[in-house]
Amino acid sequence: MRTAPIVGVFDSGIGGLSVLRACLRTCPGAHFLYYGDNRHAPYGSRPPEEIARFTGNALRLFARRRADVAVIACNTATAVCIDEMRRKFSFPIVGVEPAVGEAAKHHRDILVLATPRTAESERLKTLLERFPEAHFTVLPLPRLAAAIEDHFCRKGRLTLPEHFPPLPCDCAVLGCTHYALIGREIAEYLHVPVYDGTLGTARRVKELLQIGTADHHPTPAEVFDKNIFSSNFSKNSVTFLGNSKHMNENVMRANICFQCF
Ligand code: DGL
């Protein structure tokens with residue numbers, strides 16, 4: 001008999017750690033699997049068929065581990081293949097999408113930073129059309145996710161002006177989970193507030209866990225009994241999977257979630 005629901009979190013590399021961080025705070029009763037496909041990162045300019053194949057491999061790994069919920073913590077993979085994955089797998093799959101709705105509540109002139117595949121996707125186009133009162137500039141960034149990966153994993157140099165000019169805007173939406181890892185730096189560089197979708201994704205995961213999954217129905221006490229700002233999370237809250245598991249765990253510990261991990 002299981003004691004905790006299992007949530008698989010997947011990204012091309014370390015970007016999904018920003019979503020994992022939000023999930024750890026929001027769903028303290030769950031056990032998380034993290035799989036980063038760092039060997040194939042970045043996904044952002046790869047052909048859609050390839051991205052779908054890699055995503056399918058990741059979700060099969062979660063299925064073998066009997067995950068109750070899977071999170072595609074990658075805007076690019078969500079944009080390219082989440083519908084296909086939902087047809088293929090029986091567990092609920094949560095995707096990530098740029099937090100343009102939240103940004104449009106407060107701002108008019110909105111810069112959306114994304115990978116080339118996300119930027120050109122029908123999914124993003126349809127999403128933006130839902131907010132006709134806002135003016136969106138979508139900026140595809142072909143190299144930024146790789147530079148962030150390199151910076152956190154191998155101490156590579158990361159300078160934002162190499163990737164995009166400080167464009168005038170009221171706010172920026174971070175349409176790639178890698179960008180959320182340097183949200184503060186992007187905000188300082190552009191001098192505007194930034195929005196990322198990590199918390200919204202984590203709230204959706206929490207909702208699904210509260211509804212209960214096939215063989216586990218967490219009681220409200222299980223979900224709410226810990227203060228989300230406490231440091232009760234332990235190493236045992238997450239199992240890192242795949243060839244890059246040690247690197248992802250080290251990045252998580254050293255840079256992202258040391259206060260709660
Ligand atoms: N972190 C991913 C995203 O949200 C993928 C970035 C990449 O691999 O290019 O889009």
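Numbering of ligands and ligand atoms starts at 1, following listing order. Throughout, numbering of the chain's residues begins at 1 and tracks the sequence. None of the values given here were measured: they were computed from a predicted structure.
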What is the nearest protein non-hydrogen atom to atom 7 (C) of ligand 1, stated with its residue, atom name and distance?
-> Tyr43 N, 3.3 Å

Over all atoms of both residues, closest heavy-atom pair of Thr177 and Ala73 | OG1-O, 2.9 Å

Under 3.5 Å donor-acceptor, Arg123 side chain and Ile82 backbone | no

Measure centre to centre between the rings of Tyr43 and Phe54, then say whether the value is under 6.0 Å.
-> yes

Within reach of ligand 1, part of Asp11 (heavy-atom separation under 4.0 Å) | side chain

For Ala145, the atoms of ligand 1 under 4.0 Å from one of its heavy atoms are 6 (C), 7 (C), 9 (O)

Say whether Gly44, considering both its backbone and side-chain N or O atoms, lies within less than 3.5 Å of an N or O atom on ligand 1.
-> yes

For Ser12, the ligand 1 atoms with a heavy-atom partner under 4.0 Å come out as 5 (C), 6 (C), 7 (C), 8 (O)

Counting heavy atoms only, which of Gly16, Pro42, Cys176 is nearest atom 6 (C) of ligand 1?
-> Cys176

Any N/O pair Thr118/ligand 1 closer than 3.5 Å | no

Ligand 1-proximal atoms of Thr76, by part, heavy-atom distance under 4.0 Å | both

Ligand 1 to Thr115, heavy atom cutoff 4.0 Å, flagged ligand atoms 6 (C), 9 (O), 10 (O)

Any side-chain donor near an acceptor of the partner, His107 and Tyr195, under 3.5 Å = yes

Heavy atoms only: give me the nearest Thr159-Glu162 pair and the separation to one decimal.
-> OG1-OE2, 2.8 Å

Side chain, backbone, both or neither: which part of Cys74 has a heavy atom under 4.0 Å from ligand 1?
-> both

Sub-3.5 Å donor-acceptor pair from the side chain of Glu97 to the main-chain atoms of Gly197, do we have one?
-> no

What pair of heavy atoms forms the shortest contact from Gly13 to His178, and how long is it?
-> N-CE1, 4.3 Å

